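Reviewing the structure listed below.
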Amino acid sequence: MKYQRFVALGDSCTEGLDDLLPDGRYRGWADRVASVLDEPGFRYANLGVRGRRLDQMLVEQVPSAEALRPDLVAVFGGGNDVMSGASAAQIRSRADALVRTVTSFAPTVAVFTLSDVSHRMPFGWRMRPRIEALNDAVRVAAVRYGAVLVDVAADECVHDSRYFGPDRLHLSSLGHRRLAGHLLSALEVPFDPSWLTPLEGEAAPASLLDHLRWLRDQVLPVAYSRSRNKLIGRQPGDGFRPKRPTLLPLA
């Protein structure tokens, strides 16, 4: 196998939120990719921490990743920059700095665009310019610094709610599997093609009651938590540690 030392960087999506294993641990796209790359001698680390922005990943995760001397790094992030209200200029600067730094020490670096989730969010149209700024910056940086681009922004499956968890933001198990398939395809690594096969049928449309429950159970608690943390000087992800801070065999 071409890759023996795989390191994943990112936020809650890299950590694997909403892709639960039977024992309650999170799996996620990076674990799924590692399962395909796994062979004797393979090692995998996951430095993802929920809530982290691109600039925080650069300071907190990148030095640890460099010390691990990886031959493959996958970087997924930017959603928290968009959600936190960072300006388009800030997002572009952060994305460029992150990709430039990681490509300076890793021979193969994969970077992702984000799908447009704004149509599922109240007032989501306000996020769309920042999502577009992030995706444009990631595309430009991939060309500029020689990274592998995993461009999922135009994936039609973003409109299928079955690929997303209860909060309509994080990926479901099916979504993590599909994202893993996109990365493996970009790396030209053979994998189960069913990972990228669209689901049969159509997702049931959300009712008014579904929307109200989502607002009550998902949106309001997050808004309250963010407001409270801001008052006491905490940031999303504070207190959480990386999922797999060192390179270890997958098992």
Side-chain angles (χ1 to χ4, degrees), residues 8-15 17-18 29 48 50-58 61-62 73-103 109-165 167-172 175-176 178-183 185-186 196 198 203 206 214 218-219 222-223 226 235-237:
L9 308 181
D11 51 25
S12 54
C13 190
T14 299
E15 187 181 343
L17 262 66
D18 285 350
W29 63 266
R50 65 189 69 182
R52 277 351 202 187
R53 303 185 310 265
L54 297 173
D55 55 333
Q56 293 172 316
M57 291 161 54
L58 179 62
Q61 299 178 24
V62 169
V73 177
V75 183
F76 189 103
N80 291 300
D81 302 73
V82 170
M83 297 290 287
S84 67
S87 69
Q90 287 176 315
I91 291 172
R92 285 192 290 267
S93 176
R94 293 172 184 179
D96 184 88
L98 184 59
V99 179
R100 180 181 70 247
T101 305
V102 178
T103 53
V109 177
V111 295
F112 300 78
T113 57
L114 293 185
S115 59
D116 184 1
V117 299
S118 63
H119 62 277
R120 291 196 301 277
M121 304 292 171
F123 305 105
W125 56 270
R126 298 171 62 182
M127 295 191 297
R128 192 169 297 123
R130 296 195 296 275
I131 295 174
E132 292 174 351
L134 171 66
N135 289 343
D136 289 344
V138 169
R139 294 185 185 107
V140 169
V143 173
R144 179 177 294 160
Y145 304 116
V148 175
L149 177 64
V150 186
D151 199 343
V152 298
D155 190 338
E156 71 279 3
C157 291
V158 69
H159 300 292
D160 191 325
S161 62
R162 293 172 290 181
Y163 286 105
F164 295 88
D167 64 2
R168 305 182 184 180
L169 179 64
H170 291 97
L171 296 173
S172 66
H176 278 281
R178 187 169 181 83
L179 188 62
H182 279 301
L183 174 54
S185 178
L196 289 181
W214 169 73
Q218 303 294 332
V219 178
V222 171
R226 285 181 176 271
Q235 298 195 39

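Note that the structure is a prediction, hence the values are computed from the model and not measured.
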OG1-NE2 distance between Thr14 and His176, expressed to the nearest 0.5 angstrom = 9.0 Å

List the steps and the verdict of side-chain contact (heavy atoms from CB on, under 4.5 Å) for Asp116 and Val158.
-> CA-CA 7 Å; Asp116 184 1; Val158 69; 5.7 Å; no

Output all residues satisfying side chain to side chain contact (heavy atoms under 4.5 Å, CB included) with Thr113, sequence neighbours left out; order by chain, then residue number.
-> Asn135, Val138, Arg139, Leu149, Asp151, Val152, Ala153

State whether the side chain of Ser93 and the backbone N or O of Ala89 hold a donor-acceptor pair below 3.5 Å, judged by distance alone.
-> no

Side chain proximity check, Asp81 to Leu134, heavy atoms < 4.5 angstrom | no

So, for Ala206 and Arg168, which heavy atoms are closest and what is the spacing to 0.1 Å?
-> CB-NH2, 4.2 Å

Between Tyr145 and Val109, is any pair of side-chain heavy atoms under 4.5 Å apart?
-> no

Hey, could you give me the OG1/CG distance between Thr101 and Asp96, rounded to the nearest 0.5 Å?
-> 8.5 Å

Grab the two heavy atoms, one from Thr103 and one from Ala147, that are nearest each other, plus how far apart they are.
-> CG2-CB, 4.2 Å

Does Ser87 reach the side chain of Arg92, with side-chain heavy atoms less than 4.5 Å apart?
-> no

NE2-CG distance between His170 and Asp11, expressed to the nearest 0.5 angstrom | 7.0 Å

Leu179 and Cys13, any side-chain heavy atoms less than 4.5 Å apart | yes

With side chains defined as the heavy atoms from C-beta onward, is the minimum distance between Val111 and Leu98 less than 4.5 Å?
-> no

Flag side-chain contact, heavy atom, 4.5 Å: Val99 against Val75 = no

Could you state the interatomic distance from CG (Leu58) to CZ (Arg100), rounded to the nearest 0.5 Å?
-> 8.0 Å

What residues, two or more places apart in sequence or in another chain, satisfy side chain to side chain contact (heavy atoms under 4.5 Å, CB included) together with Val140?
-> Arg144

Could you tell me whether a side-chain N or O of Asn80 sits under 3.5 Å from a main-chain N or O of Arg52, the two making a donor and an acceptor?
-> yes

Is Ser172 reaching over with its side chain to a backbone N or O of Tyr163, donor-acceptor style, under 3.5 angstrom?
-> yes

In Å, rounded to the nearest 0.5 Å, how long is the span from CZ of Arg178 to OG of Ser115?
-> 11.0 Å

Side-chain heavy atoms of Phe164 within contact of Leu169, under 4.5 Å | no

Rounded to the nearest 0.5 Å, how far apart are CH2 of Trp29 and CG of Leu183?
-> 6.0 Å

Minimum heavy-atom separation for Gly48 to Glu15, with atom names?
-> O-CB, 4.4 Å

Phe76 versus Val150: any side-chain heavy-atom pair under 4.5 Å?
-> no

For Arg130, what residues pass the side chain to side chain contact (heavy atoms under 4.5 Å, CB included) criterion, not counting sequence neighbours?
-> Val82, Ile91, Met127

